[in-house]
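Please read all numbers here as calculations on a predicted model, not as lab measurements.
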Amino acid sequence: MRLSRFHLPTLKEVPADAEIVSHQLMLRAGMIRKLAAGIYTWLPLGLRVLRKVEAIVREEMDRAGALEVLASLVVPAELWQESGRYAKYGPELLRLKDRHQRDFVLSPTCEEVITDLVRRDIRSYRQLPINLYQIQWKFRDEIRPRFGVMRGRDFLMKDAYSFHLTEADLEREYRNMRETYQRIFTRLGLDFRVVKADSGAIGGDRTEEFHVLAQSGEDQLAVSDASDYAANLEVAETRPPGPRPVAKSTLRKVETPTQKTCEAVAALLGVPLATTVKLIVVKGRDGGLVALALRGDHTLNAVKAAKHPKVAAPLALADDAEIRAAFGCEAGFLGPVGDKVPVIADHAAAALADFVCGANEAGFHVTGANWGRDAAEPERADLRNAVDGDPSPDGQGRLKLVRGIEVGHIFQNGPLYTKALGVTVLDEAGKELTPTAGCYGIGVSRIVGAVIEQCHDAAGIVWPEAIAPWRVAICVINPKNDARVSAAAEELYAEFARRGIEACLDDRGLRPGAMFADIELIGIPHRVVVSERGLAAGTFEYRGRRDTESVALDRERLFARFA
RNA sequence: CGGGGUGUAGCUCAGCCUGGUAGAGCGCUACUUUCGGGAGGUAGAAGUCGGAGGUUCGAAUCCUCUCACCCCGACCA
């Protein structure tokens, strides 16, 4: 590509509304432009990269035996009503009507569409297993789109759906996809982790996420420092600590007129935060209230709590009136003493003796409280978020909390959708069978942002070779002074083409400083400078994007670098 | 949805408090001198001041409404 004929609107200044580095660099490099909140137009440079990511994903999916299809972004609401997700999905699902007032949705995922496709065309066990995928734009009406293409409202996703006769075959394909994803992210040059995850809105049992490690990631991950254990904080298990010490203190009421948090009470009394217990009152599955007890220095894990059989899902906090009715005081002075409502204690809270908690009386807490004496022995569960330094659940090493960007997610959702949509096939015996299914997503457009988060420096983007817009940039210095310079550059450009190496020729006639700055900003891995000076010496000037110095190479040695 | 903030040239922003001829830097166009790390000079194009209504002799500026965009907030007891 000749840059003189390419649309490359680079910016020197950072657009005001871009917060994170990938968003800033994508705007500055002229890869994307914003159209509306969370909606972007991909410019030629950005699209080149996006297409490369897409191509790698497609290649590996094909290699894994999946079959590509393409479904519309616009889906009849009926299908979503049939699966039950029309009612379940929140306002993130964009609903719209056509001119005949028929209801449609903009697809955020395609379980229904593909399952419907299978229901229509797959009749026999002989047609299974099958894995259908597409690479298609999706739409999610995010509450708060941000971070450019990392959390946009429309996004390019690879989504695959597999259908099987048996759970064992689903497990086989799940592993196949897991390996495929590892190949894809490795080819993309990313530092990633496979983590245990919650299945969330899609539903299902076995599920893992693929995360690119980056400070700007929106998800917290707990990873072991001594094994390959890694889990999304939402599901990272915590282990019960050792046995509870014996009670030594007696229960004593203390005045805490304005201290409504464990932090404030601990500070007032001069005791460690980890000796306090807080209650979080939530709605129970049976309609009553349930109190969740946590150590003061821990935070509630809503995903874990909502999975507890006595807790209403989704998690719903009790309101002020309910708390007042049950405890006789406002939130801020609650405690398990007196057993106002059934208590489920996190393992760490349950292991405390002589703890501090609310007195269930405005303005008072108690010290020296003990389970089984001042409060009923509570039911125990894992309810808290893991913290840095917790022992790893697999018994090896300690957990460290890091941040990640979710770029892939694989699920075994079983017969969830096939049953809802009434998919059946005939088995060998002529008997009707409901297939079991899996689904597998990759955020293609998000990957572009995630790569930049991992691969950039002060000058701009540093593309991994696999997805760089071009592998090499040929920079021409002062071509007007000497016709031989541009002739040599043209010849070099033609030679790269002959060798099948993607090159761009910077023939824009910019001054060298501006030209180099642009080429570095857009992250081209290799740069070759053609100048009078070099021609006289019979060399070209080569510099890798991460190098700090250039080297003079003759033609042969230059091309050897691209072998 | 709640709280906060911002809308003025393609980009980054000043001007608004205290109403009175629309501004700067970068970018863009032309010419010119330059020519190896975002050059200098000269000349120039470019804004319904987000929109509507109101107050006023007069509104970018004050008031009301509205739209768009950004940030913060969903774990507390």
Give me, pair by pair, the N or O atoms of the protein and of nucleotides 69-71 of chain B that are less than 3.5 Å apart, along with how far apart they are.
unit_1: rC69(B); atom_1: OP1; unit_2: Ala37(A); atom_2: N; d: 3.1
unit_1: rC69(B); atom_1: O3'; unit_2: Lys34(A); atom_2: NZ; d: 3.0
unit_1: rC71(B); atom_1: OP1; unit_2: Glu19(A); atom_2: OE1; d: 3.0

Next on the checklist: If we count only N and O atoms by modelled type, under 3.5 Å, do the side chains of Glu209(A) and Asn232(A) hold a donor and an acceptor together?
Outcome noted: yes
Checklist entry - Who is the Watson-Crick or G-U wobble partner of rA77(B), with both distances under 3.5 Å? => result none
Checklist entry - More than 12 heavy atoms of other residues, nucleotides or ligands under 6.0 Å from NZ of Lys138(A): is that the case? => result yes
Checklist entry - So, Phe155(A) versus Trp137(A), ring centres under 6.0 angstrom or not? => result no
Item to check | Side-chain H-bond candidate by donor/acceptor type, Arg446(A) with Ser22(A), under 3.5 Å | outcome: no
Checklist entry - Mind checking whether His526(A) and Phe496(A) have ring centres under 6.0 Å apart? => result no
Item to check | G-U wobble or Watson-Crick pairing nucleotide for rU29(B) (cut-off 3.5 Å, both distances) | outcome: rA43(B)
Item to check | Polar side chain donor-acceptor pair, Asn385(A) to Thr299(A), under 3.5 angstrom | outcome: yes
Checklist entry - So do Val282(A) and Leu289(A) actually touch side chain to side chain, heavy atoms under 4.5 Å? => result no
Checklist entry - How close or far is atom P of rA74(B) from atom CD of Glu218(A), stated in whole angstroms? => result 14 Å
Checklist entry - Roughly, in whole Å, what's the span from CG in Asp319(A) to C1' in rA77(B)? => result 14 Å
Item to check | Set of residues satisfying side chain to side chain donor-acceptor pair (under 3.5 Å) with respect to Glu406(A), sequence neighbours excluded | outcome: His409(A)
Item to check | Nearest-angstrom distance from the residue atom CD of Glu520(A) to P of rG37(B) | outcome: 12 Å
Checklist entry - NA contact type, Leu294(A), heavy-atom cut-off 4.0 Å: base, sugar-phosphate, or nothing? => result nothing
Item to check | Backbone N/O of Leu294(A) and side chain of His298(A): donor-acceptor pair under 3.5 Å | outcome: no
Item to check | Integer-rounded Å distance: rU12(B) P and Gln24(A) CD | outcome: 12 Å
Checklist entry - Nearest-Å distance, CE (Met515(A)) to P (rA39(B))? => result 12 Å
Polar-atom pairs under 3.5 Å, protein N or O versus N or O of nucleotides 32-36 of chain B: list them with distances, or write none.
unit_1: rU34(B); atom_1: O2; unit_2: Arg511(A); atom_2: NH1; d: 2.7
unit_1: rC35(B); atom_1: O2'; unit_2: Asn478(A); atom_2: OD1; d: 3.0
unit_1: rC35(B); atom_1: O2'; unit_2: Asn478(A); atom_2: ND2; d: 2.4
unit_1: rC35(B); atom_1: O2; unit_2: Asn478(A); atom_2: OD1; d: 3.3
unit_1: rG36(B); atom_1: O6; unit_2: Ser531(A); atom_2: OG; d: 2.0
unit_1: rG36(B); atom_1: N1; unit_2: Glu541(A); atom_2: OE1; d: 2.7
unit_1: rG36(B); atom_1: N2; unit_2: Glu541(A); atom_2: OE1; d: 2.8
unit_1: rG36(B); atom_1: N2; unit_2: Glu541(A); atom_2: OE2; d: 2.1

Item to check | No-hydrogen, no-angle side-chain donor-acceptor test under 3.5 Å, Thr539(A) and Asp554(A) | outcome: no
Checklist entry - Within this structure, what is the CD1-to-C1' distance between Ile143(A) and rG73(B), rounded to whole angstrom? => result 11 Å
Checklist entry - Going by atom types only, do Glu255(A) and His365(A) share a side-chain donor-acceptor pair under 3.5 Å? => result no
Checklist entry - For Arg384(A), which contact category applies under a 4.0 Å heavy-atom criterion: base, sugar-phosphate, or nothing? => result nothing
Item to check | Main-chain N/O of Ala350(A) paired with Arg244(A) side-chain donor or acceptor, under 3.5 Å | outcome: yes
Checklist outcome for this item: 5'-most contact on RNA chain B (nearest-nucleotide basis), Glu263(A) vs Val14(A), goes to Val14(A)
Checklist entry - Across the strands shown, which category fits Leu279(A) at heavy-atom distances under 4.0 angstrom: base, sugar-phosphate, nothing? => result base
Next on the checklist: What's Arg33(A) touching, base or sugar-phosphate or nothing? Going by heavy atoms closer than 4.0 Å.
Outcome noted: nothing
Checklist outcome for this item: Residues passing the salt bridge (Lys or Arg N to Asp or Glu O under 4.0 Å) test with Asp219(A), sequence neighbours excluded, are none
Next on the checklist: Are there over 12 heavy-atom neighbours, none belonging to Lys97(A), within less than 6.0 Å of that residue's NZ?
Outcome noted: yes
Item to check | Between P of rC75(B) and CD of Glu234(A), the distance in whole Å | outcome: 12 Å
Item to check | Side-chain donor/acceptor of Glu520(A) to backbone N/O of Ala517(A), under 3.5 Å | outcome: no
Checklist outcome for this item: Partner of rG20(B) under the Watson-Crick or G-U wobble criteria, both distances under 3.5 Å, comes out as rC57(B)
Item to check | Base-pairing mate for rC69(B) - Watson-Crick or G-U, with both contacts under 3.5 Å | outcome: rG5(B)
Next on the checklist: Distance check needed: rC75(B) P versus Lys283(A) NZ, whole Å only.
Outcome noted: 17 Å
N/O-N/O pairs, protein side and nucleotides 23-27 of chain B side, under 3.5 Å:
unit_1: rG25(B); atom_1: N2; unit_2: Glu13(A); atom_2: OE1; d: 2.9

Item to check | Interface with RNA chain B, restricted to residues 297-305 of chain A and to heavy atoms under 4.0 Å | outcome: Thr299(A), Leu300(A), Ala302(A)
